Protein chains: 2
Amino acid sequence: MSSSAEKYDVFQAVADPTRRKVLQLLAGGELPISAITSHFTMSRTAIAKHLHILSEADLVSGRKVGREKRFRLQPEPLEELKQWLAFYDRFWDNKLSILKHVVEHPEETND
Amino acid sequence: MSSSAEKYDVFQAVADPTRRKVLQLLAGGELPISAITSHFTMSRTAIAKHLHILSEADLVSGRKVGREKRFRLQPEPLEELKQWLAFYDRFWDNKLSILKHVVEHPEETND
DNA sequence: TTGACATGAAACCAAATGGTTTTATATAAT
DNA sequence: ATTATATAAAACCATTTGGTTTCATGTCAA
């Protein structure tokens, strides 16, 4: 049961390209901060902050092993994104039926 | 063929809750700025800016009709998000294999 | 043509974001 | 014990973001 009252949600967490790259790296397996940092030009501190944000969104979790802190991917929150997207499926999968609907119900087209 | 050299990508565009609500409203059909604004407490100008951002991400398109500008949903760019998500499917679909890994390596399970 | 409506555009602002450098602390290795 | 490694935490900074207010412009209606 991860933290609540999170500052960052999945949408925000995933909006940053650096964080997306971090997630991709972690998809390959657990990694300590230094190893992650080695794939970027920015400082380790910057990466640590991104990890903190990803952590708040529950997209990663970290555990200390010796002197290093290893992070692993926690993809579950992506489900929320997936479900959000699912709503829009009908708007471009079978676009014709939607168009048909709109044409047949023009009164629903204002507000 | 929509604009290029866009400042906002889909990830950023969708990161803001106000913009997600705007998309949802437009899912119900084409709407002018004023009508959209009526669903929020913030100013019309603010909404217009959000629409501009959504427009840069090609998630909406606007056309002038008389004195009003009507916006409609353009869901196609969401496909990019969908594909990005698809990559992570395998990381939680077969969650059992992950669990198995954790159980078999308890020494990695503190913090 | 006069006024109301719908939008556009610009200037401005506070807070958030994404980065830095510096300092401190815990662990590992020699 | 000493030094090197890995991280944490804090202070700082520039830019971006998300909002505002104000003013200008185009269109519709009376």
Side-chain angles (χ1 to χ4, degrees), chain A residues 3 5-26 29-57 59-72 109-111, chain B residues 3 5-26 29-57 59-72 107-111:
Chain A
S3 60
E6 290 140 346
K7 186 182 176 191
Y8 286 88
D9 62 19
V10 183
F11 290 91
Q12 290 175 262
V14 143
D16 184 271
T18 298
R19 288 195 287 271
R20 287 199 297 277
K21 192 174 170 187
V22 167
L23 291 180
Q24 189 187 310
L25 286 169
L26 292 180
E30 204 179 44
L31 286 177
I33 301 184
S34 299
I36 298 171
T37 304
S38 72
H39 293 272
F40 297 86
T41 61
M42 70 186 74
S43 71
R44 180 195 54 78
T45 309
I47 296 296
K49 284 186 183 178
H50 282 302
L51 284 167
H52 186 248
I53 289 172
L54 289 170
S55 210
E56 276 188 337
L59 281 166
V60 305
S61 66
R63 65 201 180 77
K64 277 196 99 169
V65 175
R67 58 182 160 184
E68 57 186 24
K69 185 158 182 184
R70 298 192 191 154
F71 283 87
R72 75 172 61 186
T109 314
N110 59 6
D111 182 346
Chain B
S3 61
E6 288 139 348
K7 187 181 177 189
Y8 286 87
D9 63 19
V10 183
F11 291 91
Q12 290 175 263
V14 143
D16 184 273
T18 299
R19 288 195 286 271
R20 287 200 297 276
K21 191 173 170 188
V22 167
L23 290 180
Q24 188 186 311
L25 287 170
L26 292 181
E30 204 179 44
L31 287 177
I33 300 184
S34 299
I36 298 171
T37 303
S38 72
H39 293 272
F40 297 87
T41 60
M42 72 186 71
S43 71
R44 178 197 54 79
T45 309
I47 296 296
K49 284 187 184 180
H50 282 302
L51 283 167
H52 186 249
I53 289 171
L54 289 170
S55 211
E56 275 187 338
L59 281 166
V60 304
S61 66
R63 58 184 247 269
K64 278 198 94 169
V65 175
R67 57 181 161 185
E68 58 186 22
K69 185 159 183 184
R70 299 192 190 154
F71 283 87
R72 76 172 62 190
E107 75 283 0
E108 300 173 355
T109 315
N110 66 2
D111 188 337

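From a predicted model like this one, the values you see are computed outputs, not experimental measurements. Numbers restart at 1 for each chain; the letters A, B, ... are given by sequence-line order, proteins then strands.
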Presence of A:Lys49 side-chain N/O under 4.0 Å of C:dG19 phosphate oxygens OP1/OP2: no

Contact under 4.0 Å: A:His50 side-chain N or O vs C:dT17 OP1/OP2: no

Side-chain N,O (A:Ser43) to OP1/OP2 (C:dG19) below 4.0 Å: no

A:Ala13 backbone acceptor or donor facing A:Arg19 side chain under 3.5 Å: yes

Protein-nucleotide distance (A:Met42, atom CE; C:dG18, atom C1'), rounded to Å: 8 Å

Separation of atom CG in A:Leu51 from atom C1' in D:dT7, rounded to whole Å: 12 Å

Presence of A:Gln12 side-chain N/O under 4.0 Å of C:dA16 phosphate oxygens OP1/OP2: no

Position toward the 5' end of DNA chain C (nearest nucleotide), B:Ile33 or A:Thr18: B:Ile33

Nearest-Å distance for atom pair NZ/C1', residues B:Lys69 and D:dC28: 19 Å

Distance (rounded to the nearest 0.5 Å) between B:Gln24 CD and B:Leu26 CG: 10.0 Å

Value in whole Å for how far the C1' atom of D:dG18 lies from NE2 of B:His52: 15 Å

Distance, rounded to the nearest Å, where B:Glu56 contributes CD and D:dT17 contributes P: 10 Å

First of B:Phe71 and A:Tyr8 reached from the 5' end of DNA chain C, by closest nucleotide: B:Phe71

Annotated protein contacts, base or backbone, on nucleotides 24-30 of chain C with a non-hydrogen cut-off under 4.0 Å, one of B, S, - each: ---BS--

Distance, rounded to the nearest Å, where A:Asp9 contributes CG and C:dT17 contributes P: 10 Å

Sugar-phosphate, base or nothing in reach of B:Arg70, heavy atoms under 4.0 Å: nothing

